[in-house]
Structures are given as structure tokens and as C-alpha cells.
Amino acid sequence: MTDTTAIISTITAAFLGSFVEVVEAFTIILAVGLSQSWRPAFIGTAAALGVLAVLVLLLGPLLELIPIEALQFVIGTLLILFGLRWLRKAILRASGLIALRDEARAFAAETDLLRRRSAERRADWLAGVAAFKAVLLEGTEVVFIVIAVGAGRGLIGYASLGAAAACLLVLIIGLAVHKPLSRVPENTLKFAVGLLLTAFGVFWTGEGLGAHWPGADLSLLGILALVAAVSFAAIRLLRPPPGAPAREVSP
């Protein structure tokens, strides 16, 4: 039961986190392909995937040299920081203090920029760089998520499975509709990912410090419930009362 809980939570966290990042990268790739041409979009994407593959090959052997307790502590700390960053934005968006991300608007803005550059000599090169940057940036976050949620207990294979499933799903949907995935409830996904990453971070940090969690891996569910309760309470406290003037804060 404990092993099953750890595997399911690892796959879920990697899938949801990767799904959000891949949707954002796909929006840029689609804008490049439709506004310029698919050649620079594919070249930029392939180049970025190559860099990411080298990154994974370099990081994999290095992780095996680090003592498991130190690895759990470092990854746990980074997960807390990373998860809280996502959670903070999701809470502010859910409470109405900052605007929700709109993939359709992001797609339109990127498409407009690329079309204005289409008359330049280096238009294809700029389009390829845009695709490269998008895939490399979002892909790096996917790699981090996979390593972070899987390395603590040797579950990188399961985390990679979740990430690969997210990439495949976005690719299938995107190729089928040829449109930005603006209907994806991105803030809800980011909220869920923030909860999961923060819970994993607390768990791994405790493991790295030598803590013995009651129920072993099942305690992840308790930590997740606690973080969720605090987050929902924060949304209620931050949400302005009915009739109050809208206000926005910087993300």
C-alpha cells in the first residue's frame, strides 16, 4: 500500500506539472508553425530537446554519487521553494488579485510578433530561436520536476512515465485541434501541482533530516491535506468582499 501510494503520487505530480509546462511550450511552437513555417518550429524544438537530453545524461550519473539523505534534503528544499512559487501565483489568481493566464492571448501575442518580423531576412532564424527558447525553458522545468519528485526514492522511472504521458497527451490534442489549448484549466492545474510539489518537498526535507513520518509514504496524504487546507484558507482571506473595488498585485 505504501509503495503504491508513493508511485501514484509521483506519477500524478510529474504528469500534472509536465502538462502545464508542455501546454505553455506548445503554444509558442504552434504560433511559430502557423505564422512563419513549421521548419524553424521543428528545428528549434529538436535543438532544445537535444540540449535537454544532454542535461539529463549529465545529471543522472551525478545523482548516484550523492548520499540519499543529502539528496532528499536538497531536493526537498528546492521542491518547497518551487512548489510555493506555483502555489502563490495560483492562490493570487484564484482570489482575483492577479489575472489568469490566457493561452489564447499568449498565442495571439506571439503570432503577432512573429508576423511583424516575417519581412526580416532572419525571420526563420528568429522563429526557430523562439521555439528553441520555449521548449528549453519549459523542458528544463519538466526535467527538474521529474528529478525532484522521483529521485528521493528511486522513482525517476515512474516520474518520467508521468512526464512522457503529459507530453504525448498535449501533442495528440494539439495536433488534432491545431489551436492553443486555451480551455485547459491552467490555474487549477498549477494549484494542484503547487500543492503536490510542496507536500513532496516537506516530506523529502523531513526524510533528509532523519524524520520518521507516521505511516511512512502514506503521510504524504496528510501533508497534502494540510497544505491544501492552508491554501484554501488563504484564498478565502485574500478574496475581496462582494462590491469591493478590484485590486491587483504583482505576481
For Ser219 against Pro214, the heavy-atom pair lying closest together | CB-O, 3.3 Å

What closest approach, in Å, do Ile11 and Leu161 show between heavy atoms, and which atom pair accounts for it?
-> CD1-CD2, 4.4 Å

What about Leu137 and Leu81, same hydrophobic cluster or not, with Ile/Leu/Val/Met/Phe/Trp/Tyr joined at side-chain heavy-atom distances under 4.5 Å?
-> no

With sequence neighbours left out, what residues match Leu220 under side chain to side chain contact (heavy atoms under 4.5 Å, CB included)?
-> Ser9, Phe200, Phe203

How long is the span from the OG1 atom in Thr77 to the CH2 atom in Trp204, to the nearest 0.5 Å?
-> 13.5 Å

ring-ring contact (aromatic ring centres under 6.0 Å, His included) pairs touching residues 214-236, sequence neighbours excluded, are Phe191-Phe232

Taking the side chain as C-beta and beyond, is there a heavy-atom pair between Val227 and Leu87 under 4.5 Å?
-> yes

Taking only residues two or more places apart in sequence, or in another chain, which ones meet Leu16 in a side chain to side chain contact (heavy atoms under 4.5 Å, CB included)?
-> Thr12, Leu189, Ala192, Val193, Leu196

Member of Leu78, Leu79, Leu84 meeting the side chain to side chain contact (heavy atoms under 4.5 Å, CB included) criterion with Leu197 | Leu79

By salt bridge (charged side-chain N to carboxylate O under 4.0 Å, His left out), Arg85 pairs with (sequence neighbours left out) Glu141

Tell me whether Val74 is reachable from Ile80 by hopping between hydrophobic residues (I, L, V, M, F, W, Y) whose side-chain heavy atoms are closer than 4.5 Å.
-> yes

Mind checking side chain to side chain contact (heavy atoms under 4.5 Å, CB included) for Ala163 and listing every partner two or more places apart, or none if nothing turns up?
-> Ser18, Val142, Val146

Compare every heavy atom of Cys167 with every heavy atom of Val22, then report the nearest pair and how far apart it is.
-> CG2-SG, 3.6 Å

Identify the two heavy atoms, one from Ala94 and one from Ile235, that lie closest to each other, and give their separation to 0.1 Å.
-> CB-CD1, 3.7 Å

N/O donor-acceptor pair under 3.5 Å between Ser95 side chain and Leu92 backbone | yes

Calculate, to the nearest 0.5 Å, the distance between atoms CG and CG belonging to Leu195 and Leu226 respectively.
-> 11.0 Å

How long is the gap from CD1 on Ile91 to CZ on Arg93, to the nearest 0.5 Å?
-> 12.5 Å

Atom OG1 of Thr205 and atom CG of Leu209: how far apart are they, to the nearest 0.5 Å?
-> 7.0 Å

Same cluster or not: are Leu49 and Leu136 linked, directly or through other Ile, Leu, Val, Met, Phe, Trp or Tyr residues, by side-chain heavy atoms under 4.5 angstrom apart?
-> yes

Can you name the residues that form a ring-ring contact (aromatic ring centres under 6.0 Å, His included) with Phe144, not counting sequence neighbours?
-> Phe82

Quick one: closest heavy-atom pair of Leu52 and Val135, and the distance?
-> CD1-O, 3.9 Å

Separation between CH2 (Trp213) and CD1 (Ile223), nearest 0.5 Å, reads 4.0 Å

